[in-house]
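Written out below as C-alpha cells is the structure these notes cover.
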Amino acid sequence: MGFNGKRAVSLSVAAVLTCAAAIGGTLWLRDSRPVITTSGLEPLPSVMPSAEPSPVVESPSPSPTLSPSRSPSKAPTKAPVKPSRAPVTSPVPAPPPPPKEPTGCVPHYEGTNVPRDEVGTALLAAANTQFWPKVAPTVNITLPPNLVKAVAEQESGWQSAIVSCVGAVGAMQVLPATGDWMNQRFSISPRHDVRSVWGNAMLGSAYLQWLVKYFGDAYFQRNYELKMSDCSVKADVPDHREFCLLNAVISAYNVGQGTVDNSIDDGDLVFYVNHSYIENVRALMSRF
C-alpha cells in the first residue's frame, strides 16, 4: 500500500510536469509565431486564405469533407472586341460620300483611252507623291505603288476615258466633288484636273493618303504603315476580312470612310460591307 502510494504520487508529479511542458511549448509556439503581412511580399499561395489569419486553435481542426467531383463547365467563348475609335479632327469637312450607283447602269466613255503604259507612268508618279507634308509637315505617308495600280485596275481596268453612272471619272474613278475636296484639303496649286490622266492619278493617290491618315488616327494610334502582315494575324480569319489599316483604306476607297466607320461601330462582328472588293484589290496588288 505504501509503495503504491509513492508510485501514485510520482505519476501525478510526472503528469503535472508533462502538462506544464506541453503548455509551455504551446505558449512558446504562439508567442514566437511570425506576423504575416501582405505589404511588399509576393502573393500568398492559393492554399492560404486571403483574409486575416485565424487565431491558432489548440485542438486539431476536422478534415474538410470533399464534395463530389464535377466535370468542369465549358468556358464561354469570347466574342471579338470591336476596335475603339479615337476622335479625328480636320480643318475641313470630310469628303462627300459616294452616291449609290443605280442598278442596271452601264458606264460610258468621254474621249479616247490613252495607252496603258501612259496610265501606268501617271499612277507610279502619283504613288510616289506625298501630299501630307505640305499641310502637316510631321506626317509622312508612303503608298505602295502596287496599291495605287491595283485600285486603278479594280476601278477601271486603267481606262482613262471611262465615266461611271454616278459620274466617277478616269482610271482612279474619282468623283468631281471628291477631286475638288482633295484640291482644297491639300492646298494643291495649280489644281489637279480630275479629267486628265495625270490629275486623275494624283487625286486618287491623294484620296488614298487621306484615308490612311484618317484610319491611322482613328483606330491605329497614328500608325500609317500599310503592311500586309498586319492583315494576317488570325489563322481562322481570311486576310481580306481582318481589321487592319490596309483593308480599311481599300474598303473606304470604294464605299467611303463613313460606311466603314458605321460597319465598325454597328455592334456586329463584320468590319466591311465590301469583302469581295477588298479581296480583288489585294489579289491585284500581288500582280504589280
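- With hydrogens and angles disregarded, a donor-acceptor distance shorter than 3.5 Å links the side chain of Y272 to the backbone of E242.
- Between the CG atom in L208 and the CE atom in M182 there is a gap of 9.0 Å [rounded to 0.5 Å].
- Ring to ring, F243 and F220 are close: their centroids are under 6.0 angstrom apart.
- Side-chain contact check for L123 versus P145: every heavy-atom pair is 4.5 Å or farther apart.
- The CZ atom of R85 sits 4.0 Å away from atom CG of D261, with the distance rounded to the nearest 0.5 Å.
- Ring geometry for W132 versus F186: interplanar angle over 60°, hence perpendicular rather than tilted (30 to 60°).
- A donor-acceptor pair is defined here as one N or O able to donate and one able to accept, closer than 3.5 Å; no such pair exists between the side chain of S156 and the backbone of M172.
- Neither side chain, N247 nor R241, offers a donor N or O lying under 3.5 Å from an acceptor on the other.
- With N183 contributing its side chain and I188 its backbone, the two residues share no donor-acceptor pair below 3.5 Å.
- The CD atom of E118 sits 11.0 Å away from atom CG of N113, with the distance rounded to the nearest 0.5 Å.
- Between V166 and P102 there is a side-chain heavy-atom pair separated by less than 4.5 Å.
- Rounding to the nearest 0.5 Å places NZ of K149 at 5.5 Å from CH2 of W158.
- Applying the ring pair (Phe, Tyr, Trp, His ring centres under 6.0 Å) criterion to F215, with sequence neighbours excluded, gives no partner residue.
- For the residue pair Y253/Q173, the side-chain donor-acceptor check at 3.5 Å is not satisfied.
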